[in-house]
Amino acid sequence: MGGVLSCCESCFHSRRSQSYEPLLLENEREAVADLLQYLENRTQTNFFSGSPLAALTTLSFSDNVDLQRSAALAFAEITEKEVRPVGRDTLDPLLFLLSSHDTEVQRAASAALGNLAVNTDNKLLIVKLGGLEPLIRQMLSPNVEVQCNAVGCVTNLATHDDNKTKIAKSGALVPLTRLARSKDMRVQRNATGALLNMTHSDENRQQLVNAGAIPVLVSLLNSLDTDVQYYCTTALSNIAVDGTNRKKLAQSEPKLVTSLVQLMDSPSLKVQCQAALALRNLASDEKYQLEIVKADGLQPLLRLLQSTYLPLILSSAACVRNVSIHPQNESPIIESGFLQPLINLLSFKDNEEVQCHAISTLRNLAASSEKNKLAIVKAGAVQSIKELVLEVPMNVQSEMTACIAVLALSDELKGQLLEMGICEVLIPLTNSQSSEVQGNSAAALGNLSSKDGRTATDDYSAFNDVWDKPEGGMHRYLHRFLSSPDPTFQHIAVWTIVQLLESGDPQLMSNIRNSNLLIPMVRELSNSRSVTPTSSVGGTPHSHRSQSRSYQETETGDGQGEIQQLARKILDFVDGEELVVPPSSTPSHIQPGSSVGHDSAVSGREHEELRKSVREAFSGGSHGYP
């Protein structure tokens, strides 16, 4: 502040010189005197209103550059110590000073404006009053100090959502991108920070890409400055949210994945975290899912996954979840030692999202390999799920029950899963408040009840053990689904009953045949012409490699509903006729939302298409985590 005083005093005393006519107008002379007095009592003075603001305004609009400097420097120090919402009467003189041709005035005025731009109301008013245009001019200044303050002010303005689009359309992005390469680290930090603030909407991200920001941001990942690394990594992570931008990155930035993998070993926790999140977003695409593994990204991700710092755990778990979507990555992930850490995270009660990522990854790893399914069960995943599933949040329950449904696709594992008592937790969940949890649990029970090649030694006693318990057992669950208004639930129930009857287990057959709850409902369904709806059970969470299928995709050629046909099969048996179902006529596995079961009148080609659609429901195309 001493500089302000000396400048003002110098101006004031020079105008009393005998050498030339008075240089100050009377109002300017009074303003200098007033300002000096106010500065002496600055702790008790409000410079944003009344006489103090009037004095500063007079000096700001003076034609005398020394007075402008005094005003700009005073504004800079005042706003450094105190920021409050201000009005146009404060901002107008500052914006006028921004247009000065004097470097010192520009530097101090932009610093003051940047200080005021910390306040939310001020951010909006500065842009509304036309503050962007002079700030852009100052970003083009050859003076590094002026550049630094102007970019810092734009960075602050860009934190308000209402300003982002205006900044993007103002022409500021090209100079910001250029200044991100500045040799001055302060300018570089401010510029990359401003670019980051512009990446929070689709439209602005596109304008940023068009301004040539991508190669600049990628090159600065190798910066020695932690803040610059963080800003660039986070900006690229946001840019990678858009599929179009991921394609551009894939085409133009071959070293991007390698740089991000290296940053997961940064000394800075926040850089590690953002690097993992950037890779997570990139891994929404198949190309990047493979490239991350090829770039040796699994070991850094495993290290972050085992961290005690929640943001690192969350970011790495989200990334591994997406990487696990690609079938070729399943075995490398398992072989890298991820199974036990992922299973441990199932009980991570501090964060539901971590639990969801962990269980969804396990399900992805089990999707297309019998060997992997066996490894996951051997590692203790099913036992952990059984212990936790009734207590975890509903979203986690949905993921866990879907994982069991995938594991239950394995004929080799069905008996082991039944021996572990998994039905005891699945049955209560068929009465969940969530239709997804209900559907996934029922699909798991259905898959456990089915088998491609049945033998006389197959043991179905586990279903007898849970016929009436817990919570009404299989009996009540099947009755609820048969009487549900949702055709999907009806369909799962009749299909599962067919599987149980096909088992040949005398006790199960007797339980079904003598049920006063099930048989009347089955008769009713056999006489009604069912609609062919799109599933409302929806079940597949979006990181899993599957797509829900509608009834239309597998409707029989003769127009008869699947439910009606399956119900008639059941009645053929119950009413005394032998149940004979050709091996290819009933698909082996179901998922909520998939149509299941045909009678012998359906052609072989239709049987095969149906079987394929049901199998693909748990192991088909891929969906990335957004």
Side-chain angles (χ1 to χ4, degrees), residues 370 373-374 377 382-383 385-386 401 404-430 440-482 491-519 521-522 566-567 569-591 596-597 611 614 618:
E370 284 291 305
K373 287 182 177 69
L374 293 171
V377 173
V382 175
Q383 188 60 42
I385 291 171
K386 183 187 175 187
T401 50
I404 295 297
V406 173
L407 293 171
L409 293 170
S410 169
D411 283 349
E412 189 173 346
L413 286 174
K414 293 180 196 291
Q416 188 175 342
L417 296 176
L418 290 171
E419 287 178 8
M420 295 174 72
I422 197 66
C423 293
E424 295 171 9
V425 294
L426 290 174
I427 288 171
L429 292 173
T430 61
N440 290 343
S441 302
L445 289 166
N447 288 343
L448 288 168
S449 71
S450 70
K451 200 168 184 181
D452 278 342
R454 288 193 172 87
T455 67
T457 60
D458 290 337
D459 185 2
Y460 275 74
S461 61
F463 291 102
N464 291 319
D465 293 341
V466 294
W467 184 254
D468 291 312
K469 61 182 180 181
E471 299 186 16
M474 289 286 291
H475 195 190
R476 288 286 179 180
Y477 139 60
L478 290 170
H479 177 256
R480 277 197 310 275
F481 273 47
L482 288 172
H491 201 167
I492 293 172
V494 291
W495 187 82
T496 300
I497 293 172
V498 168
Q499 305 309 305
L500 296 175
L501 289 172
E502 285 184 334
S503 71
D505 183 276
Q507 185 63 53
L508 274 178
M509 294 178 183
S510 175
N511 288 339
I512 294 169
R513 188 195 297 267
N514 297 322
S515 172
N516 294 325
L517 291 177
L518 302 184
I519 300 308
M521 294 302 306
V522 171
L566 291 169
K569 286 181 185 296
I570 296 168
L571 293 179
D572 285 346
F573 175 79
V574 168
D575 291 339
E577 297 182 18
E578 183 181 2
L579 182 67
V580 179
V581 184
S584 64
S585 68
T586 310
S588 303
H589 311 114
I590 61 170
Q591 122 148 358
V596 289
R611 181 180 292 272
V614 175
F618 274 124

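Scanning both residues, Thr401 and Ser441, for their nearest heavy atoms gives CG2-OG, 3.2 Å. The shortest heavy-atom contact between Tyr460 and Ser449 is OH-O, 2.9 Å. Contact between Gly504 and Met509 at its shortest, heavy atoms only, is CA-CE, 2.8 Å. Across every non-hydrogen atom of Ala444 and Ala408, the tightest pair is O-CB, 4.0 Å.
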Give the intermediate values and the outcome of side-chain contact (heavy atoms from CB on, under 4.5 Å) for residues Glu370 and Asp411.
CA-CA 9 Å; Glu370 284 291 305; Asp411 283 349; over 6 Å; no
What do the steps show when you test Leu571 against Ile519 for side-chain contact (heavy atoms from CB on, under 4.5 Å), and what is the final call?
CA-CA 8 Å; Leu571 293 179; Ile519 300 308; 4.3 Å; yes
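Note that the NZ atom of Lys569 and the CH2 atom of Trp495 stand 12.5 Å from one another [nearest 0.5 Å]. Here CG of Leu429 is found 8.5 Å from CD of Glu471. Values are rounded to the nearest 0.5 Å. Atoms SG and CG, from Cys423 and Asp465 in turn, are 9.5 Å apart once rounded to the nearest 0.5 Å. For the atom pair Ile404 CD1 and Ile385 CD1, the distance stands at 4.0 Å (nearest 0.5 Å). Once rounded to the nearest 0.5 Å, the distance linking CG of Leu518 with CD1 of Ile570 reads 8.5 Å. The line from CG of Asn440 to CG of Leu445 is 11.0 Å long, rounded to the nearest 0.5 Å.
Residues meeting the side chain to side chain contact (heavy atoms under 4.5 Å, CB included) test with Asn511, sequence neighbours left out: Asn464, Trp467, Gln507. The side chain to side chain contact (heavy atoms under 4.5 Å, CB included) test applied to Arg476 returns Arg480, Leu517, not counting sequence neighbours.
Put simply, the side chain of Lys414 reaches to within 4.5 Å of the side chain of Ser450, judged on heavy atoms. Using a 4.5 Å heavy-atom cutoff, the side chains of Ile497 and Leu482 are in contact. Counting heavy atoms from C-beta outward, Leu426 and Leu448 have side chains that approach closer than 4.5 Å. Counting heavy atoms from C-beta on, the side chains of Lys469 and Ile427 never come closer than 4.5 Å. Looking at heavy atoms from C-beta onward, Phe573 lies out of side-chain contact with Ile512 at the 4.5 angstrom threshold. Counting heavy atoms from C-beta on, the side chains of Met474 and Leu500 come closer than 4.5 Å.
Looking only at distances, a side-chain donor or acceptor of Lys386 sits under 3.5 Å from a matching main-chain atom of Met420. No side-chain donor-acceptor contact under 3.5 Å links Asn447 to the backbone of Leu409.
Tested against Phe463 for a side-chain contact (heavy atoms from CB on, under 4.5 Å), the candidates Leu508, Asp505, Thr496 yield a single pass: Leu508.
Atom CG of Asn514 is surrounded by more than 12 heavy atoms from other residues, nucleotides or ligands within 6.0 Å.
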